[in-house]
Amino acid sequence: MDIDTILELHDVTKIFHMGNMFSRLRITAVDHVSLSVGAGEIFGLAGESGCGKSTLARMILGFEEPTGGTITHRSKDGQPITGKKVWRTAGVQAVFQNPFETFNPLRQVERYFFETVHYFGLADNQDDALERIESVLEMVGMSYDAIAGRYPSEFSGGQLQRVSIARSLLSEPSLLIADEPVSMVDASIRMSIMNLFRDLVDNLGLGVVYITHDLATAHYVCDRIATMFRGNIVATGDVDKVLIDPKHPYVRLLRECIPEADPRKRWETKVQLSESDAEEYLRIGCKFAGRCPQVMEICRHETPQDIDVDGELVKCHLFRTDS
Ligand code: SF4
């Protein structure tokens, strides 16, 4: 891990056991995933519902323990961030999909700011705390006067998401995990929030993992992207390479249509699968073989490995040069 890498995943795997004592299923929700995110980079993690991206995000935040592999975090000055509950450290913060679920409707939002300052010991007195709170609100285009004494319901979805982003910046994190941060805000202001992430990354040098099913916003804001299917990263690389000239058959399909069933359930701890989902997770060989328009005989019995195709890593037998 070099000094500019703030997040590194090596061979991360998560296995869930499902069913009852007579029919135990072993679902590999995340299958030997390796990736890294650098300071000053927005890294997209894309895929349809049930692909494993939320489980991966939960492990990055420390909500879930990996079954195997390692996850390493670093602060902006290169120091390791340790502790199992990574989401409670100053260095790693999260912005969730629905800002109205982030804040208790019966509490004034300013209380969250003062509590965060207090929790991380970020100020010696009230004036210092206020100064720090003002400065992060300014970064997201708001002010303390605009939030003082107000409850979550008094903000629009877009305003409250900005408030949520501001709070996540209080502890000067090196990494933000942004889980579908614009999917529940008005379409007309989505791009302004994506632009805000870009400005924060460029100005503060933090890294962002942007989890999404929306390839349009991913292409707009990400530097690199990984697309997931049934626990595997099937294509990784520069966002233009992966999305403008997609090589993997799944990414080609993803560009056309992405079903995202009930996004409100995406942070549930248990994997919920329909029969066909489970079939795909348990499939031998390439997990996409049942839907792939270019499926070959080898795909049904041999698991594809990562192949470097013009700087993009693609997990697909189509690109083998040894057969
Ligand atoms: Fe399709 Fe085979 Fe490539 Fe899988 S390995 S994506 S089934 S061609």
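Order of appearance sets the numbers: ligands from 1, and atoms from 1 within every ligand.
- Between the T28 side chain and the V30 main chain, no donor and acceptor come within less than 3.5 Å of each other.
- S174 contributes a side-chain N or O that, together with a main-chain N or O of R74, makes up a donor-acceptor pair within less than 3.5 Å.
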Applying ring pair (Phe, Tyr, Trp, His ring centres under 6.0 Å), run through Y210 and F197 and close with a yes or a no.
-> CA-CA 10 Å; Y210 174 48; F197 277 109; 7.2 Å; no
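- Here the protein contributes C292 SG as N, O or S atoms under 2.8 Å from atom 1 (Fe) of ligand 1.
- Applying the 6.0 Å contact sphere to CZ of R107 captures more than 12 heavy atoms from other residues, nucleotides or ligands.
- Although no hydrogens or angles enter the test, the distance criterion places a donor-acceptor pair under 3.5 Å between the side chain of H317 and the main chain of E302.
- At least one donor-acceptor pair closer than 3.5 Å links the side chain of R132 to the backbone N or O of L170.
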